[in-house]
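Everything on this sheet refers to the single structure shown next.
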Amino acid sequence: MTTEPSPPNRGYDAAAIETRWQRIWNDERAFASEVISRDGIPVDLPDRAKAYVLEMLPYPSGEIHMGHVKNYTMGDAIAHYRRRQGAAVFHPMGYDAFGLPAENAAIRTGEPPAAVTARNIARIREQLQRLGFSIDWDTEISTADPGYYHWTQWIFLRMFEKGLAERREAAVNWCPTDQTVLANEQVIDGSCERCGTQVELRQLTQWFLRITDYADALLEDMDLLEDWPERVLAMQRNWIGRSEGARVSFRTDDGTHDLQVFTTRPDTLFGATFFLIAPEHPLVAALVDGRPEQDAVMDYARAAARASLADRAATDKPKTGVFTGRYVINPVNGERLPVWVADYVLMDYGTGAVMAVPGHDERDYAFARQHDLPVVRVVAGDGVDADAPFEGAEAGDGRLVNSTFLDGLTVEDAKSRIAAWLTDNGVGEATIGYRLRDWLISRQRYWGVPIPVVHCDACGTVPVPDDQLPVLLPDVDDYAPKGRSPLAASEAFVNTPCPRCGGDAQRETDTMDTFVDSSWYFLRYTAPNYGGGPFEKDVVDYWLPVDQYIGGIEHAVLHLLYARFFTKVLNDLGLVGMREPFARLFTQGMIYRDGAKMSKSKGNVVSPDEIVDRFGADTLRLYVMFMGPAADDIEWSDRGVIGARRFLDRLWTQVSACDDGRGVVDRPSGDSLARDADARELVRKVEATIDKVTGDVGERFSFHTAISAIQELTNAATRTPADSEDTGHAFRYAVQTAVSLLFPFAPHVSCEMWERLGGDRLWEAPWPTADPALMATDQITLVLQVNGKLRDRVEVAAGLGDDALLAAARASEKIQAAIAGKEVVREIVVPDRLVNVVVKG
RNA sequence: GCCGGAGUGGCGGAAUGGUAGACGCAGCGGACUUAAAAUCCGCGGCCCCAGCGGGCAUGUGGGUUCGAGUCCCACCUCCGGUACCA
């Protein structure tokens with residue numbers, strides 16, 4: 001830390017108290033779940049309300065950071081709250097343990113990734129336990145454990161059987177630094193999301209999961225995700241990128257080849273003046289074979305293949321391309337269109353070929369101007385002549401022109417008309433395009449789940465039989481990536497009899513993307529040690545979907561999309577009952593320091609351990625919840641931490657003032673409150689606080705305002721004079737309620753204070769409920785306005801009628817002065833709130 | 001460009017269409033102390049005024065309303081995502 005504020009030198013002993021309560025909770029297994037399939041033994045499913053509270057599992061990098069603290073503290077507060085409301089709560093924890101960091105460490109030091117990972121997990125577990133989270137530690141899982149990845153492989157095989165996992169050749173993203181392929185979702189701005197290296201496109205045979213088969217289901221079932229942040233849904237929608245259009249078939253003028261295009265503007269078919277194919281298009285070589293243009297075209301295609309993704313994707317560079325010398329026939333009017341190869345056409349999207357309509361597409365327009373190709377208008381906006389010159393592409397709405405049978409139609413009508421025409425003439429059809437690509441899961445790296453298949457010369461690709469799972473990750477001497485998986489170097493691993501014919505065969509040596517591991521972990525928690533399957537359906541169906549999922553926004557289109565896909569596949573296989581895994585999602589904001597995300601390289605990291613050492617876990621937890629709205633990015637403040645501790649110390653002092661052996665008291669009686677106005681006002685504040693905190697924690701996830709309400713209550717208690725038995729009782733009631741409400745955020749010291757107040761087992765005590773009758777005030781401040789401007793305030797009894805309130809307003813000298821000599825036009829009365837006198841002149 | 005979100009004191013932020021700035025941080029004044037720290041009490045948007053008071057204030061400009069931080073329209077700025085997606 002850059003500043004060194006002193007810890008308070010008075011107050012409670014955080015280290016002693018926190019250790020004590022952690023031991024008690026642990027000894028009593030206080031947060032163990034009732035309904036977990038431990039070894040395939042049938043369990044009774046209670047019909048109480050259930051709450052599956054889940055935070056995204058951590059990658060065990062060695063140290064937790066503040067983001068984790070915020071994430072898990074929020075989940076813990078919700079879990080505690082739901083538990084005390086009487087729900088059966090499930091709050092598990094695990095580790096996303098496969099992945100590159102441990103492997104890269106292994107390459108540097110020679111220590112096996114399994115050992116690095118085991119050490120890191122032990123460290124993270126210790127840190128989490130030190131923060132006192134109410135986790136069911138019996139359910140703890142690691143995705144790198146053979147007992148876990150056995151079932152990752154099993155699920156993969158079920159997908160393989162359904163044709164949802166397949167091995168095929170494709171242009172894929174290759175990271176030259178990490179020496180492995182990457183999924184589309186892991187390429188950010190043309191660079192590897194992990195190391196930032198620009199990725200290359202390579203033509204390789206790889207394993208894919210057919211997530212595109214689920215594109216529509218992933219879109220449609222967003223309706224089931226009512227409590228997901230809009231921006232996450234928007235990102236997923238954009239990522240899937242569904243667009244309605246048509247497939248159209250163009251034949252070469254010599255009739256030898258058929259080229260398909262996808263277009264969202266089939267209405268502009270008459271405006272096509274040339275035709276483009278991607279440099280990677282499989283027909284490029286065939287089209288130019290033996291022609292004079294061959295060399296130029298092939299050189300261009302090779303250059304495009306070499307260019308980095310980022311260079312290819314730059315939209316501001318000139319539109320390059322080469323004419324192939326070939327022509328295709330526009331099926332709608334028989335016109336010959338010259339075929340060009342251009343690198344702005346992506347092999348990845350649609351069919352890798354497009355009809356170019358420069359009049360109504362910006363990119364085609366730029367290309368046409370660049371290469372002197374004709375531009376034709378087929379859509380004319382209001383008042384635009386059919387043959388008016390162009391100043392740029394016109395993508396707007398209008399009516400069709402120069403399009404024979406489409407002339408006069410709106411764009412929308414022309415689209416359906418031409419779709420019908422294409423179908424009738426057998427040259428195309430209406431279809432849907434997606435931006436979403438299949439999920440490339442092969443990785444040429446060591447520390448991941450082996451893909452459980454065998455390659456046999458006689459039988460082809462053969463799945464490993466279920467009874468031979470798990471395919472264990474072998475020990476190897478060298479973890480360094482060499483462009484192929486390190487597993488390939490282990491002959492004992494690779495060479496195996498074919499499960500089908502018994503002949504010599506080789507195991508697949510690629511491992512799986514770690515996002516596969518985390519696509520189903522939330523199911524395994526319900527049966528962490530079960531050996532008979534990945535989970536048990538009835539237990540999964542009891543707990544799932546997750547009632548509240550909490551994690552970072554960075555997984556909006558990665559983990560969250562993949563996990564939804566897995567759930568749908570498992571649902572289709574009849575293995576789980578639900579279609580969506582996470583009913584409600586909360587994405588927490590990041591913690592910044594000095595205007596930047598905390599990171600070692602920037603040297604602005606505040607370590608959770610250091611804060612716990614100095615102030616205690618309760619202080620850290622309270623502070624991260626108090627900083628600001630949980631969903632917002634917020635700047636860390638060293639001084640703010642001290643403020644949180646100061647509040648706990650103040651409450652501790654108040655509890656000490658109640659240390660008289662009276663025990664936990666009931667709400668003061670009506671008689672007591674009728675006798676004493678101070679007691680009445682303080683109890684009113686208590687009830688209002690219960691109401692506020694309950695809504696903030698239970699419904700609005702507005703933890704910072706919940707905490708400030710508790711602070712207001714303790715401030716009010718302090719200010720209440722303890723001058724009678726009635727105020728003494730009210731004070732005690734206020735303090736004990738503050739402790740009870742604070743518990744989800746600062747559980748250790750709350751339990752200690754509760755005990756000192758004479759209470760027992762606060763984590764099981766029912767959550768307080770407010771008495772609405774006591775929340776009402778008997779005095780209100782009536783706001784007096786003239787023409788909507790504040791002019792005066794008066795104290796009056798609550799519940800007065802309009803006439804009495806008007807009378808009070810008219811009695812105000814300031815109001816009289818403000819309306820003197822003016823005509824009163826209208827008087828607005830809002831009961832128990834304000835009077836607004838409207839005057840003229 | 002497109003999609004999503006946000007603009008309120010010195011700072012983090014609060015506010016069912018009804019007292020703008022709760023709560024906290026920093027600051028200032030006071031108490032305690034030989035002194036400091038800690039703690040406790042109090043003050044606190046900006047401008048004018050000795051004071052009483054008054055004026056101006058929630059990114060900008062319009063609108064709806066008795067009344068707008070809040071609702072509507074247009075714009076500006078910032079943040080995040082995405083982008084030759086045909």
Side-chain angles (χ1 to χ4, degrees), chain A residues 5-11 188-189 229-239 241-243 245 261-266 268 276 278 312-317 319 342-346 348-357 360-364 366-367 433-437 553-554 556-557 589-590 623 626-629 631-644 646-647 649-650 653 702 704-715 718-719 781-793 814 825-830 832-839:
Chain A
S6 311
N9 59 12
R10 282 202 301 178
I188 311 293
D189 291 334
E230 183 51 42
R231 62 175 170 159
V232 175
L233 296 176
M235 279 190 234
Q236 293 207 354
R237 247 182 245 115
N238 286 343
W239 193 260
R242 181 181 197 273
S243 51
V261 301
F262 172 74
T263 175
T264 54
R265 293 296 304 273
T268 62
L276 300 168
R312 264 295 284 275
T315 53
D316 47 359
K317 61 168 192 176
K319 299 261 179 295
D343 71 354
Y344 78 89
V345 178
L346 307 175
D348 238 18
Y349 184 75
T351 58
V354 301
M355 63 178 211
V357 183
H360 307 284
D361 181 282
E362 218 179 293
R363 297 149 303 168
D364 296 345
F367 192 87
Y434 297 93
R435 188 183 168 282
L436 183 68
R437 304 266 61 87
I553 186 73
E554 64 274 18
V557 289
M590 282 192 295
Y623 175 63
F626 183 63
M627 289 174 84
D632 290 7
D633 294 341
I634 310 220
E635 179 85 10
W636 174 268
S637 156
D638 293 336
R639 295 294 323 181
V641 180
I642 297 177
R646 199 146 54 198
F647 167 68
D649 282 328
R650 264 203 317 270
T653 307
S702 181
H704 66 308
T705 53
I707 293 165
S708 80
I710 299 168
Q711 292 178 335
E712 280 187 63
L713 176 60
T714 64
N715 290 348
T718 307
R719 281 193 285 267
T781 305
L782 183 69
V783 172
L784 305 181
Q785 299 179 330
V786 174
N787 288 348
K789 277 188 183 278
L790 177 75
R791 290 300 166 198
D792 200 6
R793 295 167 194 159
K814 287 177 186 167
V825 186
R826 204 173 154 188
E827 287 163 317
I828 312 281
V829 180
V830 182
D832 282 345
R833 217 174 263 278
L834 66 76
V835 173
N836 183 17
V837 182
V838 185
V839 296

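The model shown is predicted, which means the values in this text are computed figures rather than measured ones. Residue numbers start from 1 in every chain, and the chains themselves are labelled A, B, ... in the order their sequence lines are given, proteins ahead of strands.
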Sugar-phosphate, base or nothing in reach of A:Tyr434, heavy atoms under 4.0 Å
nothing
Counting only side-chain N and O atoms of A:Arg833, is one of them less than 4.0 Å from OP1 or OP2 of B:rG18?
no
A:Trp239 has an atom CH2; how far is it from atom P of B:rU82, in whole Å?
6 Å
For A:Gly241, answer base if it contacts any base atom (sugar-phosphate contacts may also be present), sugar-phosphate if it contacts only those atoms, and nothing otherwise; contact means non-hydrogen atoms under 4.0 Å.
nothing
Need one value for A:Leu834: base, sugar-phosphate or nothing, where a base atom within 4.0 Å counts as base even if backbone is also close, heavy atoms only.
base
Distance test, side-chain N/O of A:Arg363 to OP1/OP2 of B:rC85, below 4.0 Å
yes
Check for a donor-acceptor pair, side chain of A:Asn787 on one end and backbone N or O of A:Val839 on the other, with a separation under 3.5 Å.
yes
Winner on side-chain proximity to A:Arg231, out of B:rC66, B:rG4, B:rG24, is B:rG4
Starting at the 5' end of RNA chain B, what dot-bracket string do you get if Watson-Crick and G-U pairs under 3.5 Å are bracketed, crossing pairs use [ ], other-strand pairs use | and unpaired bases use dots?
(((((((..(((.....[....))).(((((.......))))).((((....))))..(((((..]....))))))))))))....
May I ask you to decide whether A:Glu230 forms a salt bridge with A:Arg237, counting only side-chain N to carboxylate O separations under 4.0 Å?
yes
Quick one: A:Glu635 CD to B:rC79 P, roughly how many Å, whole number?
15 Å
NA contact type, A:Val345, heavy-atom cut-off 4.0 Å: base, sugar-phosphate, or nothing?
base
Compare the minimum distances between each of B:rG81, B:rG4, B:rC84 and the side chain of A:Ala234, then state the nucleotide with the smallest one.
B:rG4
Would you mind classifying the nucleic acid contact of A:Thr718 as base, sugar-phosphate or nothing, using non-hydrogen atoms under 4.0 angstrom?
sugar-phosphate
Respond yes when some side-chain nitrogen or oxygen of A:Asn715 is under 4.0 Å from OP1 or OP2 of B:rG24, and no when none is.
yes
Side-chain N,O (A:Arg650) to OP1/OP2 (B:rG24) below 4.0 Å:
yes
Counting any heavy atom closer than 4.0 Å, what does A:Arg791 reach on the DNA or RNA strands: base, sugar-phosphate only, or nothing?
sugar-phosphate
Is any side-chain N or O of A:Arg237 closer than 4.0 Å to OP1 or OP2 of B:rG4?
no
Using a heavy-atom cut-off of under 4.0 Å over every strand shown, decide if A:Gln785 touches base, sugar-phosphate, or nothing.
base
Under 4.0 Å, heavy atoms only, any strand: does A:Val830 hit a base, just the sugar-phosphate, or nothing?
base
Which part of the nucleic acid, if any, lies within reach of A:Lys319 when heavy atoms closer than 4.0 Å are counted: base, sugar-phosphate only, or nothing?
base
At less than 4.0 Å, is any side-chain N or O atom of A:His704 found next to OP1 or OP2 of B:rA14? Yes or no.
yes
For a quick check of understanding: with a heavy-atom distance under 4.0 Å over all strands, which category does A:Pro629 fall into, base, sugar-phosphate or nothing?
sugar-phosphate
Considering only side-chain heavy atoms of A:Leu790, which listed nucleotide, B:rA83, B:rC25, B:rU19, is closest?
B:rU19
